**Q** 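Have a look at the structure that comes next, please.
Lettering of chains follows the sequences in order, A, B, ..., and the numbering in each one begins at 1. These numbers come from a predicted model, not from an experiment.
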Amino acid sequence: MSENENNTTSYNGRASEPRFRYNAAMAQQIEQKWQKQWDDKGTFWAANVSGDLKDGKGRNAEGRTPYFAMDMFPYPSGKGLHVGHPLGYLATDVVSRYHRMKGENVLHAMGYDAFGLPAEQYAVQTGQHPRITTEANIANMRRQLHRMGLSFDDRRSFATIDPEYVRWTQWIFSRIYDAWYDPDFVREDGGKGSARPIDTLIAQFQAGERAIPGFEGTGKRWADLTSVEQADVLNDFRLAYISKSPVNWCPGLGTVLANEEVTAEGRSERGNFPVFQRELRQWSMRITVYGHRLIEDLDKIDWPQKVKLMQRNWIGESHGASVHFEVDTPGGTRDLEIYTTRPDTLFGATFAVVSPEHDLLRHVPSAWPDGTPEDWRGGYDTPAEGMEAYRVAAESKTAQDRVAEGGQKTGLFTGLYAINPITGAKLPIFTADYVLMGYGTGAIMAVPGGDQRDYDFAVKFGLPVIYTVEPLPDSGDDLSDYEGRAPFVSHDGIVVNSSIDATKAKGDALSLDGLSVDAAIEKVNEWLESAGVGKGTVSYRLRDWLFSRQRYWGEPFPIVYDEDGVPHLIPDSMLPIDLPDVPDYSPKTFDPQDAESDPEAPLSRNEDWVKVTLDLGEGPKTYFRDTNTMPNWAGSCWYYMRYIDPTDTEHMVERDEYDYWMGPDHNASVGPTGGVDLYVGGVEHAVLHLLYSRFWHKILFDLGYVDGPEPFHKLFNQGMIQAYAYTDDRGQYVPAAEIEEGPVDPSTGEPTYSWNGRHANREFGKMGKSLKNIITPDDMYERYGADTFRLYEMSMGPLDESRPWNDRNVVGGMRFLQRLWRNVVDERTGEVTVCEAEPDTKTLKLLNNTIADVTVEMEAMRPNTAIAKLIVLNNHLTGLKDGVPRAAVEPLILMLSPVAPHICEELWSRLGHGESLAYQPWPTADERYTGEDTVTAVVQIKGKVRAKLEVSPSIDPDQLQKMALEAVAERLGGKEPRKVIVKAPKIVSIVPAE
RNA sequence: GCUCCCGUGGCGGAAUUGGUAGACGCAGCUGACUUAAAAUCAGCCGGCAUUGCCUUGUGGGUUCGAGUCCCACCGGGAGUACCA
């Protein structure tokens, strides 16, 4: 170990320092030495049960409990990492190392989510292929992570852009495309509803077991249909299908977006461009059919409540009823189906509202009915003219515009009337943009007596209000308002004025009067069904997942179209479909406000690629490739399974390997759903990646490719590392590293800050290049070494909470490691100084209590408190007069090694051990030395501490009470206490006599 | 607006089931060592105060006892928003 010349910072070594002091320079040498050894010896290779990855370097899979710890893999950005990024990676690494020491077979690896917009945009600017920059970025990020000492099995690393990986992404798409959802099929796990191969559906059509939608009553059999007709029928069943419904078109980005990628303001999450609703042909995934299962199975997995709640809200399951109203139109009687969650209020419906895109609006009368009030007409001469103008206006409105209207209702009378099936009342039908086409049926019955929005609308257009529910006296609703102006919206109440006799409407007589709301809903649903005018239904906020993008840097679809436009799947044997070279990588973008523009995909620019001759079983024919690419989420939807064996060329994942690592009950902590044991990542993926992954996984489960219905058993969201940033008085960011802290301003209680002698303002938030407050891991290695960096990040606070980075505090971790080093190694000579004598009883007590406590903290993923307890033990050893006992410092080193692995390996080796400590058994506490000899019992009078007693932990409660009463006898003044509570051995609480 | 989470010293943060509030670290202070400084080691370190009182955002409540449970409010953060 050589002397270091650098003396610029205190921990980087200086001439006067002892030669064998643990400083930054020595830390760097130790760290790189051990990182090389781990690599050379394959220390972190995990053993599969079979195949190419069976080699676990002497530790086989058989007989060892599998543990799969995983991070949300990174996008390899060109910007590199800052200290905020690896918090989660360090946490999983600590957990992985701990589980290895418990004797488990730990699968821990890191891949790269490498398709994406930044690389594409860089390619657009430079003309360089995105693969080149992406691969350079991956190499750089791999180096940065490696230097942290993360214990990955490097044989299992891959990137989503690797052709072998793309192949399986396309293979999964093919399986989804070739599947339909059979809601009646009973799965192996007993649940109802399952994805099934599309062949099973075709067989039902061929056998005549199932009517062919759209061809009922034509007498046509399946074989009689043209290929185009067959394709159209199947498209309506496939789980990946071509949709012709409204999608989010973003001209500024030149692509369409999923609902999840559009902000509440109606703009693109990326780039903040306006988004318009357009009807375009696009790929969609039928995620809505899984809505109920995606909610239901949340109960079976160990995820933060917050994320479960976000997914439940996003899916938005609501139970209600659909009701059919008859509408008289110029072309005859039409059916209007509405959706309501409160069918009990049908008697209070006084009008109906349909969304501006609703089909009914194409059947409005040619003139306004006699007596139509002026403000119902909106100034238009005919209903048709009004409908068209209103629809166009609503379409161009962003969500922001709607918010700006401040809840003000707009709308227009359609000239049509609907017959309330329960009362026979004639209700005017309006159109208004507060009713959304995409939810329910796009039409509502309006009950102004029970709904604030309907009420606002009724007031504006002078429509009547009928109350059918009376609030409960103790409901908290203001009863004085009842029958007054405001609607009563509470769900609790008693139904009144809700009865008909059979002569007034379809069906039998019905009375809801006097029932609770819940009972009324049940009764009215039964009535609707028996009268054939409606039924109870379930509705979802979740929409199908828009799955195609007009971008270059993504996976091409394994789909070609024949000359009739019928899509055909490319056979698995021809996968992967590689991206073609194109003259220009950018999608055609438009004026962000140009809603009428049409997407143009970059892949369409290579005609040689688009037009291909293939033999798909009917001899060589000309086909045209699909020119869309998959969204960024495709690769991250299933990558966890690929860690199991990225070398497998035969399967996405082999069943036996899946069962071993991820199958149901593969270890004691995982339930019947199976899945990754621990998945750590940011909460920002709560509804995007995590919902899509669960969806794909359930399809693959239904189709029998994997054995459990959930991908991730335990989810953990790490907090964010925040930082201070500084601006000058013009508001420009100035480098945080060059800020000087001045004296505290007495008026604010805050210090003053300056940069280059000028005043600076401090703000608190994220770390970012533009904020000029970045600290990189490389800065930390340079100043302290990777172990100190790891120690600091793990000790700053609870892993799941956000907290500020404070440069100044890092030094505490360095001092701890130095003290530990000095407890083992003589700083001047480099000799090992531990003594071989048995530790004294006090040391043994502390050691074994520490082992017990630290084990609990590690199990609970609380490295911060584990570290605090290890520091206490180390501080105790430092103070020992007769040298540090080996029997105490070795367990300390083992327990610290998950957090600071390099220095611990070095000390372990210097203590004479030939093998890495990575698989040394985790220390166990000797119960002879746990617990305490005496505890402090507290004597309280009315909750206040009045005396303390040193007593045995096993003291008899009666004896303790006696001692306590003696100790405070003076204060009780000889009176008998009113009450004494004894919780031996810790508390005696006395309530004195008055 | 609705839903959820969080408020503890100068700072980051500890406190099984309600049971001695402030572990551990940073900063600060004192001492030892040193010509001196750094480093290291030993000690002090919530506030007021004469022995005791006050103190976990504020105000109430439950309890022998509340940072922890309940109610209301204040402040901060996150999600979501005309979903019928």
**Q** What's the closest nucleotide to the A:Thr340 side chain, out of B:U20, B:G13, B:A84?
**A**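 Side chain of A:Thr340 sits closest to B:A84.
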**Q** Do A:Tyr434 and A:Thr410 get their side chains close enough for a donor-acceptor pair, meaning under 3.5 Å?
**A**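 Their side chains do not contain a donor-acceptor pair, so the 3.5 Å distance test is not met.
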**Q** For a quick check under 3.5 Å, do A:Gln818 and A:Tyr22 share a side-chain donor-acceptor pair by atom type?
**A**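 There is no such pair (donor and acceptor under 3.5 Å, judged by atom type) between the side chains of A:Gln818 and A:Tyr22.
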**Q** Distance check needed: B:C64 P versus A:Lys979 NZ, whole Å only.
**A**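 Computing the A:Lys979:NZ to B:C64:P distance gives 4 Å.
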**Q** Could you please name the option among B:C64, B:C82, B:G13 that lies closest to any side-chain atom of A:Val991?
**A**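 Taking heavy atoms from C-beta onward, the closest nucleotide is B:C64.
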**Q** Given 3.5 Å as the limit, does a donor-acceptor pair link the side chain of A:Lys308 with the main chain of A:Leu298, or not?
**A**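 Yes; judged by distance alone, with no hydrogens or angles, the pair exists.
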**Q** Does NZ or CZ of A:Arg541 lie under 6.0 Å from the centre of the six-membered ring of A:Trp314, at an angle within 45° of the ring axis?
**A**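 Yes.
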**Q** From the set B:A14, B:C82, B:A84, return the single nucleotide nearest to any side-chain atom of A:Asp433.
**A**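 Closest nucleotide among those given: B:C82.
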**Q** From the set B:A27, B:G19, B:U40, return the single nucleotide nearest to any side-chain atom of A:Arg808.
**A**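 Given the options B:A27, B:G19, B:U40, the side chain of A:Arg808 is closest to B:A27.
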**Q** Quick one: A:Glu684 CD to B:U80 P, roughly how many Å, whole number?
**A**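 It works out to 12 Å between those atoms.
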**Q** Please output the side-chain donor-acceptor pairs of residues 876-883 of chain A that fall under 3.5 Å, not counting sequence neighbours, one pair per line with the distance.
**A**
{"from": "A:His876", "atom 1": "NE2", "to": "A:Thr843", "atom 2": "OG1", "distance (Å)": "2.9"}
{"from": "A:Thr878", "atom 1": "OG1", "to": "A:Asn823", "atom 2": "ND2", "distance (Å)": "3.1"}
{"from": "A:Thr878", "atom 1": "OG1", "to": "A:Asn874", "atom 2": "O", "distance (Å)": "2.8"}

**Q** Quick one: A:Glu857 CD to B:U16 C1', roughly how many Å, whole number?
**A**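 Value for this atom pair: 10 Å.
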**Q** Please tell me which of the listed nucleotides, B:U20, B:G12, B:C64, lies nearest to the side chain of A:Arg803?
**A**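 Closest nucleotide among those given: B:G12.
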**Q** In terms of side-chain heavy atoms of A:Ala868, which of B:U20, B:A84, B:A23 is nearest?
**A**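 Output: B:A23.
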**Q** What is the distance, to the nearest angstrom, from the OH atom on A:Tyr792 to the C1' atom on B:G13?
**A**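 Those two atoms, OH and C1', are 11 Å apart.
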**Q** Rounding to an integer number of angstrom, what distance separates B:C82 and B:C2 when you compare their C1' atoms?
**A**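 Those two atoms are separated by 13 Å.
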**Q** Need one value for A:Thr936: base, sugar-phosphate or nothing, where a base atom within 4.0 Å counts as base even if backbone is also close, heavy atoms only.
**A**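 A:Thr936: base contact, heavy atoms under 4.0 Å.
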**Q** Between B:A84, B:C83, B:G19, which one does the side chain of A:Val435 approach most closely?
**A**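 Nucleotide nearest to A:Val435's side chain: B:A84.
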**Q** Choose from B:C41, B:A27, B:G19 the nucleotide whose nearest atom is closest to any side-chain atom of A:Thr878.
**A**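 Among B:C41, B:A27, B:G19, the one nearest the side chain of A:Thr878 is B:C41.
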**Q** Where does B:G22 fall, syn or anti, if syn means a chi angle no more than 90° from 0?
**A**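 Here B:G22 takes the anti form, which means its glycosidic angle is more than 90° from 0.
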**Q** With both distances under 3.5 Å as the test, what is the Watson-Crick or G-U wobble partner of B:C26?
**A**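 Its partner is B:G10 (Watson-Crick or G-U wobble, both distances under 3.5 Å).
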**Q** Using whole Å, what does the distance between atom C1' of nucleotide B:C26 and atom CD1 of A:Ile871 come to?
**A**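 It is 11 Å, rounded to the nearest whole Å.
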**Q** Between the base of B:C82 and the side chain of A:Lys409, is there any donor-acceptor pair under 3.5 Å?
**A**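 Pair found.
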**Q** Figure out the NE2/P separation between A:His876 and B:C41, and round it to whole Å.
**A**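 Taking atom P of B:C41 as the reference, NE2 of A:His876 is at 15 Å.
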**Q** B:U56 and B:U68: how far apart are their P atoms, nearest whole angstrom?
**A**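 Here B:U56 and B:U68 have their P atoms 9 Å from each other.
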**Q** Which nucleotide, if any, forms a Watson-Crick or G-U wobble pair with B:C41, using both distances under 3.5 Å?
**A**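 B:C41 is paired with B:G31.
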**Q** Among B:U80, B:A14, B:U20, which nucleotide has an atom closest to any side-chain atom of A:Trp314?
**A**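 Taking heavy atoms from C-beta onward, the closest nucleotide is B:U80.
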**Q** Of the nucleotides B:A84, B:G25, B:A14, which one has an atom closest to the side chain of A:Asn875?
**A**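 Of the options given, the side chain of A:Asn875 lies nearest B:G25.
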**Q** Say whether A:Asp544 and A:Thr288, considering side chains only, have a donor N or O and an acceptor N or O under 3.5 Å apart.
**A**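 There is such a pair between these side chains.
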**Q** A:Asn809 CG to B:G12 P: how many Å, rounded?
**A**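 In whole Å, B:G12 P lies 9 Å from A:Asn809 CG.
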**Q** Measure the distance from CZ on A:Arg312 to P on B:C2 and round it to the nearest whole Å.
**A**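 Taking CZ of A:Arg312 and P of B:C2, I get 22 Å after rounding.
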**Q** For B:A78, which nucleotide in any strand shown is its Watson-Crick or wobble partner with both distances under 3.5 Å?
**A**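 Base-paired to B:U3.
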